Amino acid sequence: VVTYNSLIQGLCNSGQTKQADLLLNEMVKRNITPDVVTFSILVNTHCKKRRVSRAEAVIDEKMAQIGIQPNTVTYNSLIHGFCLRGELDKAAKVLDAMVGKGSAPNVVTYNTLLNAYFRKERIDKAEQIVNNMSCRGIIPDIVTYNTLVKGLCYVESLGAAKELIESMQDCGHTPNIVTYSTLLDSLCKGGYLDKALSLLGGMLKVGLKPNTVTYNTLINGLCRARKSNDAMELYLRLCAKGWQPTIHSYEPIVKGLRREGFSKEAFGFRRKVQEDGCFLG
RNA sequence: AUACUCACUG
């Protein structure tokens, strides 16, 4: 089963849902009974595509048919699906339903909802989630903190986010690359590019390796601030060090250069990148 | 290391 599940997961992740279905049929034929993990994989891939009704069909039909109960992970995926659709009322209903059926919400459940409420600027609801977590004895994890940091940057202030980071460290959680990238983005969007760059220095100093998202954040920030030439320089410097950019690293630079009236530079950049093969797409 | 949640872009 584990082998099949892994294969199914791989197919789903590469968009081969048809093949995944075939594999599911095959395992049944070979008398290998799919388990809750198998179905949760299917539920989750539908939910990630916001096809929540398909996900529900898996639960209500396929799983019910062979008497497999959804578990916390299954429900978490469903909640995530509703959150992606902005249907937070329905997400909350799933939360109630899972409790009713004996699946205890876990930290992931709450992180998912917390993130969604912040996105909708439902601060009241977000606070409620945090309260519920502590009532139920669920310990916030690094994802919880990262979600809160982003939320605070968004609805409160960078200062509030920094305070939270202090207190998370008191609880034994070290800021990770996501924490830093969140802050970097917030600094960039607030126009504090200098601070963003010094934060980058700070993360290097504590031994965190910036990744593609980190650099994309900075590149986008620079371009937004009409410093596309600096962004280009950064891009080329990183490429020379073997960094693998994505389309999100490259596109804003070309657009930014054009917008700033550097059409020739944009063209040159484009050509250079193609020639050097320094482009992942 | 069989499945769920957080950062850039959309």
Side-chain angles (χ1 to χ4, degrees), chain A residues 1-13 20 23 27 32 34-48 55 58 63 68 70-84 91 94-95 98 103 105-119 129 133 138 140-154 161 168 173 175-189 196 199-200 203 208 210-224 231 245-253 255-256 281:
Chain A
V1 212
V2 173
T3 310
Y4 271 103
N5 287 348
S6 304
L7 290 170
I8 289 173
Q9 166 80 310
L11 289 170
C12 287
N13 284 344
L23 206 54
M27 66 190 284
I32 298 168
D35 62 5
V36 65
V37 174
T38 319
F39 290 113
S40 295
I41 292 167
L42 301 179
V43 167
N44 188 242
T45 64
H46 285 131
C47 286
K48 279 192 292 198
V58 171
M63 292 180 74
I68 292 178
N71 65 12
T72 300
V73 173
T74 324
Y75 286 118
N76 286 348
S77 293
L78 200 53
I79 287 173
H80 187 217
F82 281 120
C83 287
L84 287 176
V94 176
L95 176 62
M98 70 192 277
S103 290
N106 62 12
V107 66
V108 174
T109 318
Y110 289 115
N111 288 345
T112 305
L113 287 163
L114 189 60
N115 185 37
Y117 283 130
F118 270 124
R119 289 196 126 102
I129 296 288
M133 286 179 76
I138 289 174
D141 64 6
I142 184 71
V143 175
T144 316
Y145 284 109
N146 287 341
T147 305
L148 285 169
V149 165
K150 181 173 181 199
L152 287 180
C153 286
Y154 190 54
M168 75 186 259
H173 291 283
N176 65 10
I177 184 129
V178 176
T179 323
Y180 276 96
S181 297
T182 305
L183 284 174
L184 273 178
D185 187 48
S186 179
L187 287 168
C188 286
K189 285 180 175 156
L199 185 64
L200 176 68
M203 68 189 287
L208 277 174
N211 62 15
T212 298
V213 173
T214 318
Y215 286 126
N216 286 353
T217 303
L218 275 172
I219 287 172
N220 273 291
L222 288 166
C223 293
R224 216 180 286 121
T246 69
I247 184 78
H248 305 307
S249 335
Y250 163 85
E251 220 172 45
I253 297 178
K255 285 199 173 127

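Residue numbers begin at 1 in each chain, while the letters A, B, ... track the order of the sequences. Only heavy atoms go into these numbers, but all of them, side chains included; no hydrogens, no water, no symmetry mates. Model, not experiment: these values are computed from the prediction.
Residues that satisfy the side chain to side chain donor-acceptor pair (under 3.5 Å) test with Asn111(A), not counting sequence neighbours, are Asp141(A), Thr144(A). In this structure, the side chain to side chain contact (heavy atoms under 4.5 Å, CB included) partners of Ser181(A), at least two apart in sequence or on a different chain, are Ile177(A), Thr214(A). Every residue two or more places apart in sequence or in another chain was checked for a side chain to side chain donor-acceptor pair (under 3.5 Å) with Thr217(A), and none qualifies. Under the rule for a side chain to side chain contact (heavy atoms under 4.5 Å, CB included), the partners of Asn13(A) that lie at least two apart in sequence or sit in another chain are Gln9(A), Lys48(A).
In this structure, Leu42(A) places its CG atom 14 Å from C1' of rC4(B), rounding to the nearest Å. Remark: C1' of rA3(B) and CG of Asn106(A) are 12 Å apart, rounded to the nearest angstrom. At whole-Å resolution of the value, CD1 in Ile8(A) and P in rC4(B) are 14 Å apart.
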Heavy atoms under 4.0 Å is the rule here; annotate nucleotides 5-10 of chain B 5' to 3' with B where the base is hit, S where only the sugar-phosphate is, and - elsewhere. BBBBB-
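Sorted by first and then second residue, the salt bridge (charged side-chain N to carboxylate O under 4.0 Å, His left out) pairs with a member in residues 178-187 of chain A read Asp185(A)-Lys189(A); sequence neighbours excluded.
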